[in-house]
Amino acid sequence: MELLIYTILRALVVGIVISAPMGPVGVLCIQRTLNSGRLSGFYTGVGAAISDLFYCLITCFGLSLIEDFITDNQSIIQLIGSLVLVGFGIYLFRKKPMPGFKNKDSAPASPRNDILTGFLFTVSNPLIIFLIIGIFARMNFLEAGMLWYHYVGGFIFIAVGALLWWYSITWCVNKVRTHFNLRSMWLINRITGTIILIFACVGIITSIKALAA
């Protein structure tokens with residue numbers, strides 16, 4: 001029982017730490033919370049949490065076929081993901097905010113779309129596996145003596161930790177949402193699109209260098 005509780009506590013920390021780095025999906029989550037409401041931003045975080053859990057499972061159980069494919073083709077995956085980010089960054093840069101964005105009760109246009117884009121933004125960066133390996137090692141997450149229910153509880157609470165992070169982020173951003181006007185949101189869309197384009201360009205350059213080498 002003590003090992004299970006210890007595993008759950010560590011899993012919560014792992015889920016939060018994996019989600020915390022403010023990459024493209026974090027910027028997108030904030031932008032959607034401001035533009036479309038808290039649910040839209042949170043659903044984006046849900047997609048990112050699903051992707052993080054997917055990579056955690058690969059790292060933990062060493063699914064060799066998938067792991068080898070990702071490792072062998074990480075530059076190509078990163079290049080494709082970066083090209084997608086370019087298109088989405090341009091879309092956000094040119095997107096006009098909705099006049100009713102201050103309505104706190106507004107529902108997201110498409111939860112499925114929010115979750116899918118959150119997932120794709122995160123899964124397109126296979127280098128997260130190395131972050132997960134480092135966190136697992138630092139937290140001693142895969143401890144000797146763990147049984148199947150320890151693993152089940154651990155991975156459930158990794159997802160819970162990630163969702164707690166995105167819940168907290170969207171809650172905080174939503175609190176200041178009413179202080180923004182249309183011009184502010186227009187600037188935020190431009191800034192968000194620019195940041196995502198920068199991430200994408202760095203990813204393209206890195207992947208092309210790796211392919212060339």
Side-chain angles (χ1 to χ4, degrees), residues 15-16 18-58 63 66 69-70 76-129 132 152 155-175 177 180 185-186 188-193 195-197 199-200 203:
I16 293 171
I18 291 174
S19 302
M22 192 55 66
V25 71
V27 175
L28 179 62
C29 177
I30 292 173
Q31 186 269 346
R32 280 183 170 168
T33 301
L34 291 172
N35 265 286
S36 305
R38 185 178 179 186
L39 279 178
S40 184
F42 180 69
Y43 283 133
T44 303
V46 169
I50 293 172
S51 174
D52 290 337
L53 184 61
F54 168 71
Y55 277 129
C56 284
L57 288 169
I58 290 177
L63 306 179
I66 300 176
F69 173 81
I70 290 174
I76 296 175
I77 295 173
Q78 187 176 25
L79 178 60
I80 294 172
S82 297
L83 291 174
V84 172
L85 288 184
V86 168
F88 200 82
I90 294 172
Y91 165 76
L92 282 181
F93 189 87
R94 300 179 62 183
K95 179 179 174 63
K96 295 181 179 179
M98 296 174 60
F101 77 93
K102 285 190 177 184
N103 180 8
K104 291 186 177 182
D105 298 323
S106 60
S110 173
R112 183 184 303 175
N113 180 65
D114 292 334
I115 293 172
L116 181 61
T117 51
F119 176 83
L120 292 176
F121 266 45
T122 310
V123 82
S124 65
N125 179 22
L127 297 178
I128 195 174
I129 285 182
I132 293 171
V152 172
F155 285 109
I156 288 174
F157 278 88
I158 284 177
V160 170
L163 293 176
L164 280 174
W165 171 260
W166 294 116
Y167 182 90
S168 301
I169 287 293
T170 53
W171 183 86
C172 292
V173 173
N174 194 56
K175 284 295 181 182
R177 186 176 171 220
F180 290 83
M185 292 311 308
W186 178 80
I188 286 173
N189 284 353
R190 290 268 173 131
I191 293 170
T192 302
I195 291 173
I196 289 175
L197 282 170
F199 275 111

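Below, all heavy atoms of this structure are taken into account, side chains as well, without hydrogens, waters or symmetry copies. We count residues from 1, following the sequence as given.
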- [ ] Only counting residues at least two apart or in another chain, list the ones meeting side-chain contact (heavy atoms from CB on, under 4.5 Å) with Phe157.
- [x] Ile8, Ala11, Leu12, Val160

Open item on the list: If I take atom OG1 from residue Thr44 and atom CD1 from residue Ile169, how far apart are they, to the nearest 0.5 angstrom?
Closed with: 13.0 Å

Task: Distance-only side-chain donor-acceptor flag, Arg112 / Thr117, under 3.5 Å - done: no

- [ ] Using the side chain to side chain contact (heavy atoms under 4.5 Å, CB included) rule, take Asn35 and Ser40 through it: C-alpha gap first, then chi angles, then the decisive distance, then the call.
- [x] CA-CA 9 Å; Asn35 265 286; Ser40 184; over 6 Å; no

TODO: Evaluate side chain to side chain contact (heavy atoms under 4.5 Å, CB included) for Ile50 paired with Ile115, printing each intermediate quantity in order.
DONE: CA-CA 9 Å; Ile50 293 172; Ile115 293 172; 4.2 Å; yes

Open item on the list: Nearest 0.5 angstrom please: Leu28 CG to Asp114 CG, how far?
Closed with: 8.0 Å

TODO: Hey, could you give me the SG/CZ distance between Cys29 and Phe42, rounded to the nearest 0.5 Å?
DONE: 9.0 Å

Open item on the list: Nearest 0.5 angstrom please: Ile18 CD1 to Thr122 OG1, how far?
Closed with: 11.5 Å

TODO: Give, for atom CD1 of Ile16 and atom OG of Ser168, the distance between the pair rounded to the nearest 0.5 Å.
DONE: 7.5 Å

Task: Cation-pi, Tyr167 ring and Arg38 (6.0 angstrom, 45 degrees) - done: yes

Open item on the list: Is there a side-chain contact between Ser19 and Asp52 in this structure, where contact means two heavy atoms from C-beta onward sitting under 4.5 Å apart?
Closed with: yes

Open item on the list: We want to know whether Asn174 and Thr33 form a side-chain donor-acceptor pair, criterion being a heavy-atom distance below 3.5 angstrom.
Closed with: no

Task: Val46 side chain near Trp166 side chain, heavy-atom distance below 4.5 Å - done: no

Open item on the list: Counting C-beta onward and ignoring hydrogens, is there a side-chain heavy-atom pair between Tyr55 and Val123 closer than 4.5 Å?
Closed with: yes

Open item on the list: Is any side-chain heavy atom of Asn113 closer than 4.5 Å to one of Tyr43?
Closed with: no

TODO: List for me each residue that meets side-chain contact (heavy atoms from CB on, under 4.5 Å) alongside Val152, sequence neighbours excluded, and say none if there are none.
DONE: Trp148, Ile156

TODO: Supply the atom-to-atom distance Leu34 CG to Ile30 CD1, rounded to the nearest 0.5 angstrom.
DONE: 7.5 Å

